[in-house]
Amino acid sequence: MKEKLQRIAQQFAIQGAISEIAPLGEGFINDTFIVRTGEGTPDYILQRKNKAIFPDVPAMMENIRKVTEHIRKRVAAAGGDPEREAMRIIPTAEGKYYHVDEDGEFWAVTVFISGTTAYDKADTPALARKGGEGIGRFQSQLSDFTEPLAETIKGFHNIRHRFVQWDASLKADAAGRCKDLAEEISWIESRREKMLDFWKKVEDGVIPTRVTHNDTKINNILFDERGEVLCAIDLDTVMNSTSLNDFGDAIRSYTNTGAEDDRDLSKVSMSFDMFRAYTEGYLSQRAGELTQVEIDHLAFSALYITYEQVLRFLMDYIDGDKYYKIKYPEHNLVRTHAQYALLQSMEKQYDAMCAAVAEIAAAAR
Ligand code: GN1
Ligand code: MG
């Protein structure tokens, strides 16, 4: 494996001699490695892209190329340092942004930005505020991006599409697990119409479509030594959708007082302080550009994305664990329960969330 990884890394135009290649992080989808080189040359991130999940890796890499080039220009124009505040993707010797190995697997390389940290959890409201600023800035940097983007995963945050998959999963019952899941299935069904009502507004253009990251959980943001956000990473799912996805998914991850897969549900809830702090940071960057309809739906987007995540974890459990990496057989069921506890906590606090958003938006405008 070591030699193979070396060989793959060497297909890319990296500087310096490789001294080590080691696994990095806990992604659920791709396999990620850090490629270390000697003094004076950068280290790199090498990723095997999951082709079962991303059917068109070349189109995905083209999205990433366009978006990172745009952000680099915006950072430079604002007097920032594109090498630290934006990602740089590295081409192969033939100038492609991916390499296909002898097994037909797709690989890509980016520069590792040194002196940075990614968190699995927001420990303080100050960090959540910075995270909100970071995603707000990311969306603003892309507000004048007009090139077409490929849909890397069909219907990714489109709940109408998710219900098509969900209905098919229940019907197939591939792992024979549905018989023990009546309660969990009812959690999904009882909220179906409400979620479709929200998505209808996106379909009808009442809620605008923008350029969005679509996977804004906290560990997809790089912070520097001073706790400032440098940039958003993991751009595999950059697409055109509602920017509410990015707010909702961040709230899902930043505000959770427990873990995404906590077995102890008494630890799981939405921290209102974290919610407020993230919202303040986010709206400090975005209040001027968002429409009133978007602002009015920010709080709901947190429920929407968390609900969708309950559905996706449960659906994968029903399918027999085909999508997310699991560490033990009932992992996806544990994740389902933990995300549902988070959803319920958000539902209890929903009125207060709406009031806080309105107040923060009014102050920021
Ligand atoms: C996946 O790849 P990663 O771990 O950043 C998933 C997200 C989920 C998340 C759950 C492409 O993100 O949508 O919200 O797991 N990414 C994809 O933690 O499905
Ligand atoms: Mg990630």
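Note that ligands are numbered from 1 as they come in the structure, with each ligand's atoms numbered from 1 the same way. For clarity, every value in this text was computed on a predicted model and none was experimentally measured.
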Contact (N/O only, under 3.5 Å) between Asp234 and ligand 1
yes

Would you check whether Glu260 has a nitrogen or oxygen atom less than 3.5 angstrom from a nitrogen or oxygen atom of ligand 1?
yes

Contact check, side chains of Ile21 and Lys2, non-hydrogen atoms, under 4.5 Å:
no

Proximal ligand 1 atoms for Lys217, defined as those under 4.0 Å from one of its heavy atoms
3 (P), 4 (O), 5 (O), 9 (C), 10 (C), 12 (O), 15 (O), 18 (O)

When only distance counts, is Tyr324 in polar contact with ligand 1, meaning an N/O pair under 3.5 Å?
no

Report yes or no: do Asp316 and Asn332 form a side-chain donor-acceptor pair below 3.5 Å?
yes

Residue Tyr323 vicinity, atoms of ligand 1 by number, heavy atom under 4.0 Å
11 (C), 17 (C), 19 (O)

Under-4.0 Å heavy-atom contact with ligand 1, by part of Lys325 that carries it:
neither

Taking the ring centre of each residue, are Tyr44 and Phe112 less than 6.0 Å apart?
no

Which of the numbered atoms in ligand 1 are under 4.0 angstrom from any heavy atom belonging to Ile29?
1 (C), 2 (O), 16 (N), 17 (C), 19 (O)

Gln309 N/O to ligand 1 N/O under 3.5 Å
yes

Does Ile53 have a non-hydrogen atom less than 4.0 Å from ligand 1?
no

Charged N to carboxylate O under 4.0 angstrom, Arg72 versus Glu83?
yes

When you measure from the side chain of His213 to the backbone of Ile233, do you find a donor-acceptor pair of N or O atoms at a distance under 3.5 Å?
yes

Do any nitrogen or oxygen atoms of Asn214 come within less than 3.5 Å of a nitrogen or oxygen of ligand 1?
no

Do the charged groups of Asp144 and Arg74 touch, with an N to O distance under 4.0 Å?
yes

Taking atom NZ of Lys121 as the centre, report whether more than 12 heavy atoms of other residues, nucleotides or ligands fall under 6.0 Å from it.
yes

Under 4.0 angstrom from ligand 1, any heavy atom of Asp236?
no

Under 6.0 Å between the ring centres of His337 and Tyr340?
no

Using a strict 4.0 Å cut-off to heavy atoms of Asn220, name the atoms of ligand 1 that fall inside it.
5 (O)

Aromatic ring centroids of Phe275 and Phe272 under 6.0 Å?
yes

Quick check: Phe54 and ligand 1, any N/O pair under 3.5 Å apart?
no

Only heavy atoms of Arg252, strictly under 4.0 Å: list the atoms of ligand 1 that pass.
10 (C), 14 (O), 18 (O)

